[in-house]
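What follows is a single structure, written as C-alpha cells, with notes after it.
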Amino acid sequence: MRMKEMVRRTGVHERLLRYYEQQGLVTPDRLPSGYRIYGESDVETVRRIRCLLAAGLPTALIAQVLPCIRADDELLVSTCPDLLAQLRREGERITRAIEDLQASRAILDTIITAAPSGGAGTLRPPQPAGAEAS
C-alpha cells in the first residue's frame, strides 16, 4: 500500500511515518520511482510503535524492542530476554512519573478546593521581601 493508504489505516501522519523509517522502525519497500510501499505487517508495526511511544519508551529503545516481539495469539511475547532488564527499568521510570503526576494532581486539587467558591483572583504570587502588599 502507498503512503496515503498507510496514513488512513494507521492514523499516523506522513511526516511521522518518514521519521519512523529514518529511525529504522519501519522499512517500506521502494518502487523505482522512489514511492514507499508498505505491507500489511507494517500497519501492525506502526500500531506497536504508537503503543510503545505512549508507554514512554524512546525510539532508540523501540528500535531494539520491535525485532524481539512476535504476535502470539494476539499477545505480544518477548523473544529477547536480555532486553527485559532494560524494559523493567523503563517500567519503574514510568511508575515514578505516574506517582509524580499523582502528587502534582493532589496539590492542584488542594489549591482548587481551598479557593473561594467564586475562585477568581484570590491566589497571588509570593511578594519579594520588603514589598508592600496591595
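FYI, side chains are in, hydrogens and waters are out, and symmetry mates aren't considered; it's all heavy atoms of this structure.
Note that CD of Glu92 and CZ of Arg88 are 9.0 Å apart. Values are rounded to the nearest 0.5 Å. Here Cys80 contributes atom SG and Gln86 contributes atom CD; the two are 11.5 Å apart, rounded to the nearest 0.5 Å. Taking CD1 of Ile94 as the reference point, atom CZ of Arg89 lies at 13.0 Å (rounded to 0.5 Å). Of the inter-residue distances, the one linking Arg9 atom CZ with Tyr38 atom OH reads 13.0 Å to the nearest 0.5 angstrom. For the atom pair CG of Leu61 and CG of Leu66, the computed distance is 9.5 Å after rounding to the nearest 0.5 Å. Atoms OG1 and CD1, on Thr10 and Ile49 in that order, are 9.5 Å from each other to the nearest 0.5 Å.
With sequence neighbours left out, Arg15 forms a side-chain hydrogen bond (donor to acceptor under 3.5 Å, both in side chains) with no residue at all. Arg8 meets the side-chain hydrogen bond (donor to acceptor under 3.5 Å, both in side chains) test with Glu5; sequence neighbours excluded.
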> Between Thr45 and Leu25, does a side-chain contact (heavy atoms from CB on, under 4.5 Å) hold up when you go through it step by step?
Replying inline: CA-CA 8 Å; Thr45 298; Leu25 303 177; 5.8 Å; no
>> Applying side-chain contact (heavy atoms from CB on, under 4.5 Å) to Thr59 and Leu53, what does each step give before you reach the verdict?
In response: CA-CA 7 Å; Thr59 56; Leu53 285 169; 3.9 Å; yes
> Can you list the steps and then say if Arg30 with Ile37 is a side-chain contact (heavy atoms from CB on, under 4.5 Å)?
Replying inline: CA-CA 6 Å; Arg30 294 278 189 147; Ile37 299 294; over 6 Å; no
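Around CZ of Arg105, the count of heavy atoms belonging to other residues, nucleotides or ligands within 6.0 Å does not exceed 12.
Between Arg93 and Glu90 a salt bridge is recorded (basic side-chain N to carboxylate O distance below 4.0 Å). The residues Glu14 and Arg18 are annotated as salt-bridged, a charged nitrogen and a carboxylate oxygen being separated by less than 4.0 angstrom.
Clustering ILVMFWY residues whenever any of their side-chain heavy atoms sit less than 4.5 angstrom apart, transitively, puts Val7 in the very cluster that holds Tyr19.
Listed for the Arg96 side chain is no donor-acceptor partner under 3.5 Å among the backbone atoms of Gly91.
Contact check for Val65 versus Leu52: side-chain heavy atoms found under the 4.5 Å cut-off.
Between Leu87 and Leu57, the shortest heavy-atom distance links the atoms CD2-CD2, 3.9 Å. Contact between Leu83 and Cys68 at its shortest, heavy atoms only, is CD1-SG, 3.7 Å. For the pair Val12 and Val46, the tightest heavy-atom approach, listed with the atom from each and the gap, is CG2-CG1, 3.6 Å.
Each of Glu21, Arg2, Met6, Met1 was scored for a side chain to side chain contact (heavy atoms under 4.5 Å, CB included) with Arg36, with one residue passing: Glu21.
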